[in-house]
Structures are given as C-alpha cells and as structure tokens.
**Student:** 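Dropping the structure in here first, questions after.
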Amino acid sequence: MIETLVWTALALAVIGVYLSWTAGRLDRLHSRMDAARAALDAQLLLRRSSVVIEVAASGALDPASSIVLYEAAHAARQADEEHREVAESELSQALRAVFADAAQVEAVREAPGGEAAAEELAAAVRRVPMARRFHNDAVRAARALRRHRKVRWFRLAGHAPFPLAFEMDDEPPVDLADRP
C-alpha cells in the first residue's frame, strides 16, 4: 500500500515537473514572440515610416510621388491594430510604385542629404521582411506548442491570447533592395 502511494506520488511529481517545464517553455515562446513583435513595430513605425516621410518631405521627388508616399506612410503610422497589416501593405505598394523607376532612386540620391536618406530607406525596406519573418517564426512555434493536448487540457497558456501572425506585403522595391 505504501509502495503504491510512493510510486503514485513520484509519478505525479514527474508529471508536475514536465507540465511546469512545458509551461515555462510556452512562456519563453510568448516572450520571444513579444520581443519579435516589438522589433517588427520598430522596423515598421520607427524606421520605415519615418524614413519614407522624411524622403517624401525632402523635395527630392516630384509632388505626386511625395504625396503618395507621405499619405501611405502617415496612414501606416496612424492605423489601429485591426487595419495595420493593410496599411503597411499599402505603404509597400506605394514604395514599389514610386521607386519602380531607377531614376527616382537616383533623384533622391542626388538631392542634398539624399545619399544618406536613400541608404537609410534601402536598409529599412530590407529589414522589414526579416523582422516579419522572425515574428512569424515565433508565432508559429508558440502556436505549435499551444495546439498540444497537454497545453489545452491543463490550460498552460493561461489567459494569453492565441498568437497571430503579421501578414503583409513586404516586398521591397527592386532598385532599393539591391543597393548595399
């Protein structure tokens, strides 16, 4: 009788340690996902949108292109979470439309201070797909673990919302992406 209780207690302890380890792993995945989302937000809001607004206001582009870029960047910065993916996709499309011609990139480069602005814009549009990929990889890993039965049965995720990937059109303009 005592031997059975000892083995039962030992089995419950091993299961408890395993569930605790799984909950810790899930917590680390959620933390990684939050950090990746913060990095993505920094790339989208602080880098890409800011640089696009700076380039649009610099006067290096024709007025129509400047207005298109400024409005798309401003809309992306002001978008709420529900419409953010669409607004960021529209900014990517506006960038591709404006910088479809290599002459536009050269016009920005030839303006005073344009070399640095063009390099910063090129770096920003190259970093967005990487930041989005890191975020979506973290979301995918967290989703995979949260789908396990043990996580659902024992509610190891707590009250954390189900992770959502950030899906947007992030293809950079060819002439900007190819620059070093």
**Student:** Between the side chain of Ser89 and the main-chain N/O of Met168, is any donor-acceptor distance below 3.5 Å?
**Tutor:**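 No.
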
**Student:** Please find the pair of heavy atoms, one from Leu91 and one from Ala73, that lie closest to each other, and give the distance.
**Tutor:**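 What the structure gives for the nearest pair is CD1-N, 3.7 Å.
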
**Student:** Evaluate side chain to side chain contact (heavy atoms under 4.5 Å, CB included) for Glu119 paired with Arg109, printing each intermediate quantity in order.
**Tutor:** CA-CA 9 Å; Glu119 292 301 323; Arg109 288 185 171 279; 2.4 Å; yes

**Student:** Without swapping roles, check the side chain of Asn136 against the backbone of Phe166 for a donor-acceptor pair under 3.5 Å.
**Tutor:**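 Yes; at least one donor-acceptor contact below 3.5 Å.
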
**Student:** So, the side chain of Ser49 versus the backbone of Leu44: is there a donor-acceptor pair under 3.5 Å, distance only?
**Tutor:**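 Checking the backbone N and O of Leu44 against the side chain of Ser49, a donor-acceptor pair under 3.5 Å is found.
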
**Student:** Grab the two heavy atoms, one from Ala76 and one from Leu45, that are nearest each other, plus how far apart they are.
**Tutor:**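 Closest heavy-atom pair between Ala76 and Leu45: O-CD2, 4.0 Å.
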
**Student:** Verify side chain to side chain contact (heavy atoms under 4.5 Å, CB included) between Leu61 and Phe99, making sure each step is shown before the conclusion.
**Tutor:** CA-CA 10 Å; Leu61 300 172; Phe99 293 110; 4.2 Å; yes

**Student:** Of all the heavy-atom pairs spanning Glu85 and Ala165, show the shortest one and how long it is.
**Tutor:**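 Taking Glu85 first and Ala165 second, the nearest heavy atoms are OE2-O, 3.3 Å.
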
**Student:** Examine the side chains of Asp27 and His30 and answer whether a donor and an acceptor come within less than 3.5 Å of each other.
**Tutor:**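 Not at all, the side chains of Asp27 and His30 share no donor-acceptor pair under 3.5 Å.
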
**Student:** I'd like to know if the side chain of Gln104 pairs up with that of Asp175 as donor and acceptor (distance under 3.5 Å, no hydrogens or angles considered).
**Tutor:**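 Per modelled atom types, Gln104 and Asp175 side chains form no pair under 3.5 Å.
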
**Student:** For the residue pair Ala94 and Ala72, what are the closest heavy atoms and their distance?
**Tutor:**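 Heavy atoms only, the tightest pair is CB-CB, 3.9 Å.
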
**Student:** Grouping I, L, V, M, F, W and Y whenever their side-chain heavy atoms are under 4.5 Å apart, do Leu69 and Val125 come out in a common cluster?
**Tutor:**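 They do share one cluster, since a chain of ILVMFWY contacts under 4.5 Å joins Leu69 to Val125.
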
**Student:** Mark yes when over 12 heavy atoms from residues, nucleotides or ligands other than Arg25 sit less than 6.0 Å from its CZ; otherwise mark no.
**Tutor:**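 Result for CZ/Arg25: open.
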
**Student:** Determine whether Val139 and Arg32 satisfy the following criterion, side chain to side chain contact (heavy atoms under 4.5 Å, CB included), listing intermediate values before the conclusion.
**Tutor:** CA-CA 9 Å; Val139 166; Arg32 187 176 113 197; over 6 Å; no

**Student:** With distance as the sole test, does Arg132 use its side chain to make a donor-acceptor pair with the main-chain N or O of Glu167 at under 3.5 Å?
**Tutor:**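 It does not hold such a pair.
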
**Student:** Hydrophobic clustering (ILVMFWY, side-chain heavy atoms < 4.5 Å, transitive) - are Val51 and Leu95 grouped together?
**Tutor:**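 Yes, same cluster.
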
**Student:** Any idea which heavy atoms bring Ala142 and Pro163 closest together, and the distance?
**Tutor:**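 It is CB-CG, 3.9 Å.
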
**Student:** Show your working on salt bridge (charged side-chain N to carboxylate O under 4.0 Å, His left out) between Arg133 and Asp170 and close with a plain yes or no.
**Tutor:** CA-CA 10 Å; Arg133 192 174 315 121; Asp170 61 1; over 6 Å; no

**Student:** Please determine if Glu88 and Arg48 form a salt bridge, counting it only when a charged side-chain N lies under 4.0 Å from a carboxylate O.
**Tutor:**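 Yes, charged N to carboxylate O under 4.0 Å.
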
**Student:** Does the side chain of Asp34 pick up a donor-acceptor pair with the side chain of Ser31 at under 3.5 Å?
**Tutor:**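 Result is no, nothing qualifies.
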
**Student:** Asp41 versus Arg84: any side-chain heavy-atom pair under 4.5 Å?
**Tutor:**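 Heavy-atom side-chain distance check passes, below 4.5 Å.
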
**Student:** How close do Arg127 and Gln43 get, heavy atom to heavy atom, and via which atoms?
**Tutor:**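 Of all heavy-atom pairs spanning Arg127 and Gln43, the closest is CB-OE1, 3.2 Å.
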
**Student:** Can you find a heavy atom in the side chain of Pro172 that is under 4.5 Å from one in the side chain of Val128?
**Tutor:**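 A side-chain contact is absent here, since even the closest heavy-atom pair is not under 4.5 Å.
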
**Student:** Test of understanding: clusters of I, L, V, M, F, W, Y form through side-chain heavy atoms closer than 4.5 Å, transitively. Do Val105 and Val68 belong to the same one?
**Tutor:**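 Looking at the clustering, Val68 is in the same group as Val105.
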
**Student:** Using atom types as modelled and distance alone, determine if a side-chain donor or acceptor of Ser20 lies under 3.5 Å from a backbone N or O of Gly16.
**Tutor:**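 Here the side-chain-to-backbone pair does not exist.
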
**Student:** Assess whether side chain to side chain contact (heavy atoms under 4.5 Å, CB included) is satisfied between Arg143 and Leu164, documenting all intermediate values.
**Tutor:** CA-CA 9 Å; Arg143 281 181 169 181; Leu164 298 174; 3.8 Å; yes

**Student:** Who else is in the cluster with Trp153 when I, L, V, M, F, W and Y are joined by side-chain contacts under 4.5 Å?
**Tutor:**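 Ile15, Leu19, Leu26, Leu29, Leu145, Val151, Phe154, Leu156, all in the cluster of Trp153.
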
**Student:** Would Arg37 and Glu81 count as a salt bridge (charged side-chain N to carboxylate O under 4.0 Å, His left out) if you check the C-alpha gap in whole Å, the side-chain angles of each, and the deciding distance to 0.1 Å?
**Tutor:** CA-CA 12 Å; Arg37 180 59 187 237; Glu81 281 301 313; 2.7 Å; yes

**Student:** Find out whether Leu121 and Glu54 are in side-chain contact, i.e. whether some heavy atom of one side chain is under 4.5 Å from a heavy atom of the other.
**Tutor:**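 No, their side chains stay 4.5 Å or more apart.
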
**Student:** Do Thr4 and Trp7 have side-chain heavy atoms sitting under 4.5 Å apart?
**Tutor:**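 A side-chain contact under 4.5 Å is absent here.
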
**Student:** Within the distance-only criterion (no hydrogens, no angle test), does the side chain of Arg146 pair as donor or acceptor with the backbone N or O of Arg152 below 3.5 angstrom?
**Tutor:**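 Looks like no, no N/O pair under 3.5 Å.
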
